[in-house]
Every structure is written in structure tokens, then in C-alpha cells.
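All figures in this text were calculated on a predicted structure; none of them were measured in a lab. Proteins get letters first, then strands, A, B, ... in listed order; numbering begins at 1 in each.
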Number of protein chains: 2
Amino acid sequence: MATLRDVAIAAGVSPATASRALSAPDSVSTARRHRVIEAAERLGYQPNRSAQALASGQSGHVGLVLPDLANPSFAAIAKGVQAQARGSRHSVLVADTDEDPRAELAIVRDLQANVDGLVLCSPRMPEEQIRECAAAGPLVLVNREVDGLPSVTFDSASGVTQALQHLRALGHRHIAYIGGPTSSWSDAHRRRALGSVDGIEVTDVGSHRPIHQGGVAAADLALETGATAFLCYNDLIALGVMFRLRARGVRVPDDVSVVGFDDIGAASYVSPLLTTVAIPLTRAGHEATTMLERLRLDGWDGHAVRLPVELLVRESTRPVPTPA
Amino acid sequence: MATLRDVAIAAGVSPATASRALSAPDSVSTARRHRVIEAAERLGYQPNRSAQALASGQSGHVGLVLPDLANPSFAAIAKGVQAQARGSRHSVLVADTDEDPRAELAIVRDLQANVDGLVLCSPRMPEEQIRECAAAGPLVLVNREVDGLPSVTFDSASGVTQALQHLRALGHRHIAYIGGPTSSWSDAHRRRALGSVDGIEVTDVGSHRPIHQGGVAAADLALETGATAFLCYNDLIALGVMFRLRARGVRVPDDVSVVGFDDIGAASYVSPLLTTVAIPLTRAGHEATTMLERLRLDGWDGHAVRLPVELLVRESTRPVPTPA
DNA sequence: GAAACAGATGAATGCGCTTTCAACGCGATG
DNA sequence: CATCGCGTTGAAAGCGCATTCATCTGTTTC
């Protein structure tokens, strides 16, 4: 493997000049720069990132911590981070915490010691711990807000309001909210908006695991409330709910309407197509990474980014059935 | 940030001993080892990976290259790689090529220069280029086989056979195969098994994009063949097919049966539940990473891993309708 | 024409760690 | 009792690069 020294010798310059020619082209005369670049290509030179990192104090890596790579929502965020990081010549070190909050802190610490910045997607880590991490290095939160820390979140309160208004316009007056994990920031955030629309009563059906199975379990509870429409913490739950409703012979949307959150791919594969609040996850990955870079260069400007969400009305909601 | 030197001083030993106490505990006396470990914890010491990498020649990173992080199949592989890598104290550097074959080579090269090994998931990179990459460093292929290179693949030929036999047992005699990208290794591999079951005629409906939309487009073509069952390259396509069939008033499985490949989550969210060939993607990630480690230590034993697949019979297949 | 200067260059230093290598102390061996 | 050998230790070298600093060249200014 060719080193910078080899390139320098081949180009007939000193290692210092070779280094500059490749990383600060303007500070080298045109002729030498070309010689160096040509030599580098000829030798197939690939810079040793570890050496660069050690010498410059910049690892060239961005860390990404998330609960579950296989969850389509987090995967979408990862994709966004990845794309944006490559744009700024950074690689992404990804760590899946496997929904294990205990391992999380150790993972974050280890990662943080070896990256230029961290994108942290941890719905459940205690605020205090997050603050601790933020003190240890540049950090941007995704889908979670902590006072005084940079974050990219979604205006899901508005999403809840949009969904509620949509349902009210369809004549629904009693709605069941099928929540996600209590410890999750975004669930708390959404719950707060539950009372934002007049003329609608919302019954809270409690906390459920944010996966298909969680929805299956929640469906019966929601049905018991007598609500004519169900608002779900996320699409996976909504899909689980619809699955169970079908099994019980309850028709969607004829008998009850269902609204999800996230707009994962499957929402447009199922029948009926799921009405859901679309969340720009990939864009959040972009924004977070961009923010991280600014953070490192200029420090934080105190602004948190809150991305707009949009209700996508599809087939799983319709006017409340008129009593026979 | 505390360095190893700080720890050594705090423990009253030389840096060399401190280093050994932490990375080769057996070569240090018990008493000193404890002193070092205690000091390291007290100071919150985190090793600098770049320095370790530079000094030891081992980056501690595993590279993972895949076409699309947001694709649930690849995400599952990523999860497997990630979990296994953590087990062997490695971090994962992930690169999403965004289905862009041109960028791919550059990405792989850059990554390969800075990791201990690479898991490459590239259905379409030309064999010749793959060989080139393999020469540049430890490399394990996933879902793709190249002569003389270590790989983890799936026995999808058996999957095709299982599906075909299942369908024949149900009375189907004419089946349409809705293929994936021609350039994809696994599509070629599956196509080869299409003739493996006697008494069944298979019509090839051509290549389609391995996403929902691809299936939507393919459905009409498949219908035109008059086949009573459709075997699809993957679940996304199968879901797209079912979506389009429903729109055209064709009932699944009453009028036609549909079989997918992969068993992505959505396959068990939709109705009818999709009969599909389950592929152990996460396990493939595990295996590939394990293999990579052995590869680095002992060299390649010449064996490629081929993981078994399993037909999951659910609701989208049923006996061929008897003509009225 | 001399002095001041800006730009380009190379020698040398050090980032934090691992890993030789030589030195040391100890019990075992002859 | 001298010798060997093993287990433990520290000094020192060096991994590949960025970067500082002094040097040198060629240009501008008075």
C-alpha cells in the first residue's frame, strides 16, 4: 500500500508538500500539485484515515446511534445521515443498540471518543444521560428534544391536530389513541396535542410496543372504547390494529377509521391504503448531519430544527357510519 | 480526554505496561493489572482508536457496502453484520451506494483502505471488479457468488423448487415468473431452478425493478400469460402484484396464487398473508462477519456458506380454481 | 538599489498507541 | 554455587500523516 511518502518521492517533492497538494491544493504551485496528484493516482494512493485522524485530531467519521436498524423508520434516518455525510467526506459509523437502553450509554461513549460528531436517535435514554453525552462532544438529537441541545424533530403535534381535524370533519366525535412506549419522547409529545381539537373526545388506550404485534394486542382494547376512529402511535401499530380488526370481522374503514404515523412503505402496500401522517425521516437524517457539521465549525446557534409533517389521506379513514 | 500515558502515570507504571494491562491482560502481573484498570476507570479513559489503528495496523472497523439502507432486506443484513461485529469488538462503517454502480467502486476502494475487512453486498458489480476488490483486502460477498471468493448466499434454487412443488401440489400447471433485475446474481440463480420441477410450465415475464412499483407494472404482464400462479423475485414485487391485481378485480388467492421471496415484515401485515420463501438475512449478516474474522486470522478455507431457505405457506396460495 | 514582504517549500515534530528489544529478577537446574 | 531460562517490565522506535517553523525564492515598495 502506497503511503504519502511514496507519493512524495515519486513526485520529487517533500512529504509536506505532497500532503498539502492533496488536502490544501491552493497552497501549492500548480506544477507541483499536478505532479503530486498524478503520482498519487499512478500509485493508487489511498490516504490512511487513521493516520490523518491521529495527526489532525479529526476522525473523518460521523457516529450514528439508533435503536434498531431493521426498523424501517430508523433505516430511513440512517439513509439520510449516510448520504449527507458522504457529501462532506465523512464515513458513518453506525451502532444499533438493539433497543437495549443499558448497553446504549457504553456504546455512545465508545463511539463518541472516536468520531467527529454523533447523531443520536434514542427515544428513551434519560435526559440527564443525554446531557452528559452532549458535554463529551458534538451531538445532534433526532426525533427528540432536550432543552439546550441541538435537535431535529418533527412537528408531530401538528400531525396529531391534522389527523384529529380530518377525523372530526368526517364526523368522528370519539377517538381512541393507541400510544407507543411511555418512555418515548415523541409519544409524550403527541399525547400533549390530543386535546388540541374541540368537539372531539379522545380516549387513551395506553402504551404499546411500537411494532406490528403491539397493534394486534391494542386493537381489542381500542374497540372496547366504542371509538369510531383509532389514531395510532406509528404505522406498524396501525397495521397490527388493522390486521386484528380484520380477523375480528371489523371492517376498515367501513366500521372504524384508522390513522397511522410515519408513512412507512408498507402503508401503501396494504389494503385499505393507510391514512397516515408522513414524517420526513430521511430528510431528518440530512438535517441532523448538516447541523452537526455547522455545530463543529461555528458552534450551536441555539436553533432546533422542527420539520413539518403532512397528513396523507388515503383509504383507511371515511365518514363515521350513521347508526342504522 | 485522558490518554494511555495519563493512565500509566496514575497507576505508576510505564505506558507499555498500561497498554498490555488493557489489551493483553495475561502478560501483566495481577497487582499491576488491577492498578491500571482501576486508574483507567477513574480517569474515564477511552482508547483512541485512530492511534490504536495506526500503531497496530488494525482499524477495528468492518466495512459494509450495500445498495440501499432503506430497503428492508438490506437493512436486515446490516443489522446482522452490526450485531456480530460488536461481538468481536469491531465497529461498522456502512456505505449506502444508493443503487449507483458507478459510485460503487470508488466507495469500496476508499472504504477498503481503512477497514479490517469488508462485507460486500452488491448484486450488480461486474465480477471482474469484485475480484479486483477481493485482491485489495479481506472481503466476503453476501447474496452473491464469485468463483474463488468467500461468500454467504442463500439456497434460493431450493426455494424456487419448494415453491414450485407447493404450487404443483395445489394443482397449478402454468406459472409465471416475475423476475428481478437481469444483472442481479440472485435473479440469475433463481431463474436456473425454474425448470427443476416436472409437470409445470413456467413463463418468464421478464425483468422488473425489485420494488413495489415494479410489481404493479408486472402484474398485467403476468395476467396476460394465463398462468394460475405467480412466482415473484421478491416480496416487494409480490406486494405490488397483489396491489395491482386487487385494483383489477382479480382475487388472490381465489383467482391466482402469488408467492414472494424474502419474507419481509410487510409480508405478514398484508391480506392475504403472503406465501413466501423466507431468507435468513440477518443470519447472513452474522455469518458473513464471522467468516470475515476467520478470513483475517486463518485465511480462507475455500468454503462458501450457503444458507437454507424455507417456504412459508400462508394465505396467498391455494388450489387452482376448477373451471366452472 | 536595498529593504520589506508574500508565497512556496522542506525539515522536523508529535498525535496516542502497539510492539519490539534489552534488562531485570527470580526459581529451577546442573 | 554458577548457569540457564522464564515471566515481567520499561525504554524506545515507529505507524502515516498534518502542521509548525524556519528557510528560501521572487516580487514589490520606497
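For A/Gln52, counting side-chain heavy atoms from C-beta on, the closest listed nucleotide (C/dC17, D/dC17, D/dT8) is D/dC17. For A/Ser56, taking side-chain heavy atoms from C-beta onward, the closest of the listed nucleotides D/dT9, C/dG16, D/dT19 is D/dT19. Which of D/dT9, C/dT9, D/dC15 sits closest to the side chain of B/Leu54 comes down to D/dC15. Looking at the side chain of A/Ala16, the nearest of the listed nucleotides D/dT19, D/dG10, D/dG16 is D/dT19.
Atom CD in A/Gln58 sits roughly 14 Å away from atom C1' in D/dC17 (whole-Å rounding). Between the C1' atom of D/dT9 and the CZ atom of B/Arg35 lies a distance of 13 Å, rounded to the nearest Å. One interatomic measurement links the two molecules: CG of A/Leu43 to P of D/dG16, which rounds to 15 Å at whole-angstrom precision. In this structure, A/Arg33 atom CZ and C/dA8 atom P are separated by 9 Å, rounded to whole Å. With rounding to whole Å, A/Leu22 atom CG is found 13 Å from D/dG16 atom C1'. Atom-to-atom, CG of A/Asn48 to P of C/dG16 comes out at 17 Å; the value is rounded to the nearest Å. Between A/Arg49 atom CZ and D/dC15 atom C1' there is a gap of 18 Å when expressed in whole angstrom units. The CG-P distance, from A/Asn114 to C/dC15, rounds to 17 Å in whole Å.
Contact annotation for A/Leu4: backbone-only contact, meaning every heavy-atom pair under 4.0 Å involves sugar-phosphate atoms and none involves a base. Base contact: B/Arg20 has a heavy atom under 4.0 Å from a base atom. Within 4.0 Å (heavy atoms only), A/Ser29 reaches sugar-phosphate atoms of the nucleic acid but no base atom. Contact annotation for B/Pro47: backbone-only contact, meaning every heavy-atom pair under 4.0 Å involves sugar-phosphate atoms and none involves a base. Nucleic acid contact class of A/Thr3 (heavy atoms, under 4.0 Å, all strands): sugar-phosphate only.
Counting all heavy atoms, side chain and backbone alike, B/Leu292 lies closest to B/Gly117 at CD2-C, 3.5 Å.
Contact annotation: B/Ser19 side-chain N/O to C/dT18 OP1/OP2 distance is under 4.0 Å. Taking 4.0 angstrom as the limit, A/Arg32 places a side-chain polar atom (N or O) nearer than this to OP1 or OP2 of C/dG10. Between B/Thr17 and the phosphate of D/dG10, there is a side-chain N or O to OP1/OP2 separation shorter than 4.0 Å.
A donor-acceptor distance shorter than 3.5 angstrom exists from the side chain of B/Arg144 to the backbone of B/Ser122, with no hydrogens or angles considered.
Here A/Asp98 pairs with B/Lys79 in a salt bridge; the nearest charged N to carboxylate O distance falls below 4.0 Å. Contact check on A/Glu145 versus A/Arg306 returns a salt bridge, with a Lys/Arg side-chain nitrogen under 4.0 Å from an Asp/Glu carboxylate oxygen.
Checked by atom type, the side-chain pair A/Asn114/A/Ser59 shows no donor-acceptor distance below 3.5 Å.
Listed by first then second residue, pairs satisfying side-chain hydrogen bond (donor to acceptor under 3.5 Å, both in side chains) with a partner in residues 13-29 of chain B read B/Ser14-B/Thr17, not counting sequence neighbours.
Mapping B/Ala51 and B/Ala18 onto DNA chain D by nearest heavy atom places B/Ala18 at the nucleotide closer to the 5' end.
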